Amino acid sequence: MFSKILIANRGEIAVRIIRACNEMGIRTVAVYSEADAQALHVNLADESYCIGPALLKDSYLNMTAIIDVAIATGCQAIHPGYGLLSENPRFAELCEKCNIKFIGPHWSVIARMGDKDEARRTMKAAGVPVVPGLDEITDVAAAKKFAAEIGYPVIVKAAAGGGGRGIRIVWKEEDFETAVQTASAEAQSAFGNGKVYLEKYLTDVKHVEMQIVADEQGNVVCLGERDCSMQRKNQKLIEESPCVVLKPETREEMMRCAVLAAKTVGYTNLGTIEFLLDKQGKFYFMEMNTRLQVEHPVTEYVTGIDVVKWQIRIAAGIEFIYKQEDIRLRGCAIECRINSEDARNNFRPSCGQIRFMHIPGGPWVRFDTAIYQDYVIPPYYDSMIGKLIVYARERTEAIRKMQAALCELVIDGVHTNAELSGDILAQPEFKDGTYCTNFLEKFLKDYR
Ligand code: MV4
């Protein structure tokens, strides 16, 4: 087992990883930017080093500065968290070259799944259902003909995109060429790769993802699903497990496909397979995330498994002790992301000092955060300042527990979206679980 790990991240996920290490008796090294000198993860780590100024490119994305600290402090491994360098194959490869274990899959798998067109081809070849579509568009006229055959609307996606970046929905044939050209040009400038592919755009779908744990001994286990359909502009707001509308036989088949997908690419460590689920109960592979997800606590509650600790154990070569038949999904967990933004003012980011703070408690109420009373939220980073996660055996009780916790939560000094989340939980479409990825946009049109 590792004796010292560097956490190449900030905020709540850095705190989460440090806590897991503390419970495992592993010493921790934090890195931070000049703007994060007062951040909680800096204080909680055994050692902490400033790696540069506030801007991400000069600090948390500065690969050599991070590796230098890891080597200088004698770390055997680096945990990348999510976002930042967590899905950067070059960083994972650099760790390997410097003989530092990257806590995640092999860099070649990150690279392969990072090409969403390549991922789609791989899954199709393995027999995982994909949305009807066309692999890489090389001939726009031929692609336009294909689009007419599968019928509009269609969606043009950047191979190097993902998570909502580099996508264009095309509702009418006359807009097809322009959409392909602009999507490709945007992808070329944003990702340095203009490759785009095409799919039938499925309306009224749910975003359901499967959590995979794969150890280095070839064991691959699925820890069930998360319904992540409550999204605004491709930013998840509320996630839950299980997915209310998923029939048991569909869940079983989706879990089997997720395990097949991971085995097909030789996956190791934690990963998530994203699916689209339509109203007829049919599901389709969307993309694979090769990292820990923000919403992992939802899975931890319904399985009783600490997935961050298992990431570290698996990276250290320890076999995952649970077989698929040992996984019992029990009860219901709901997560609300708490963002420092003004939901009644076009979600404008709200930074500043936390004047007063009260965190809800009680049975199965968890608040993962890095803010504290008097902390000043810097303007440079993501607006998510915490995650409120609750658990109960019955979903109705979990909803009530979340509503009560949101009411009890006090964060004075900045605006948050806590009230909006409470209002969403009260909607009939949330209560009956039928909400799709387009629900929130419609709900916000009348929200004041
Ligand atoms: C789709 C889709 C419907 N049909 N693909 C969103 C980002 C990335 N995960 C792929 N995404 C989608 N792909 C097909 N063929 C719906 C989504 C989608 C979505 C799209 C636009 C705006 C918000 C969305 C939220 C979740 C999923």
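All ligand and atom numbering here is 1-based and tracks the order in the structure. None of the values given here were measured: they were computed from a predicted structure.
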Residue E199 vicinity, atoms of ligand 1 by number, heavy atom under 4.0 Å: 5 (N), 14 (C), 15 (N)
Contact (N/O only, under 3.5 Å) between K157 and ligand 1: yes
Plane angle bin for Y435 and F430 - parallel if under 30°, tilted between 30 and 60°, otherwise perpendicular: parallel
Option from K387, R337, R226 for which side chain to side chain donor-acceptor pair (under 3.5 Å) with E239 holds: R337
N or O contact, H207 vs ligand 1, cut-off under 3.5 Å: no
Atom 12 (C) of ligand 1 [closest protein heavy-atom partner, distance rounded to 0.1 Å]: M286 SD, 3.5 Å
Lys/Arg-Asp/Glu bridge criterion (N-O < 4.0 Å) met for E295, K236: yes
N-O pairing of K233 and E441 below 4.0 Å: no
Part of V131 within contact of ligand 1 (heavy atoms, under 4.0 Å): side chain
Which residue and heavy atom of the protein sit nearest atom 25 (C) of ligand 1, plus the separation: Q231 OE1, 3.3 Å
Aromatic ring proximity Y201/W171, centre distance under 6.0 Å: yes
Y322 and F320 aromatic ring geometry - parallel, tilted or perpendicular at 30°/60° bounds: perpendicular
R165 to ligand 1, any heavy atom closer than 4.0 Å: no
Heavy-atom nearest neighbour in the protein, as seen from atom 15 (N) of ligand 1, with distance rounded to 0.1 Å: K200 O, 2.8 Å
Ligand-side contact atoms (ligand 1) for residue partner T437, heavy atom cut-off under 4.0 Å: 25 (C), 26 (C), 27 (C)
Min N/O separation E287 to ligand 1 under 3.5 Å: yes
Check ion pair D368-R366 (N to O, under 4.0 angstrom): yes
Salt-bridge contact D215-R313 (side-chain N to carboxylate O under 4.0 Å): no
Heavy-atom donor-acceptor pair, S184 side chain to G194 backbone, under 3.5 Å: yes
Side chains of H207 and Q231, donor plus acceptor under 3.5 Å: yes
Identity and distance of the protein heavy atom lying nearest atom 6 (C) of ligand 1: N234 OD1, 3.3 Å
I155 N/O under 3.5 Å from ligand 1 N/O: no
Closest protein heavy atom to atom 4 (N) of ligand 1, given as residue, atom name and distance to 0.1 Å: L202 N, 2.9 Å
Atoms of ligand 1, numbered as shown, that sit under 4.0 Å from any heavy atom of E274: 9 (N)
Protein heavy atom at shortest distance from atom 2 (C) of ligand 1: L276 CD1, 3.6 Å
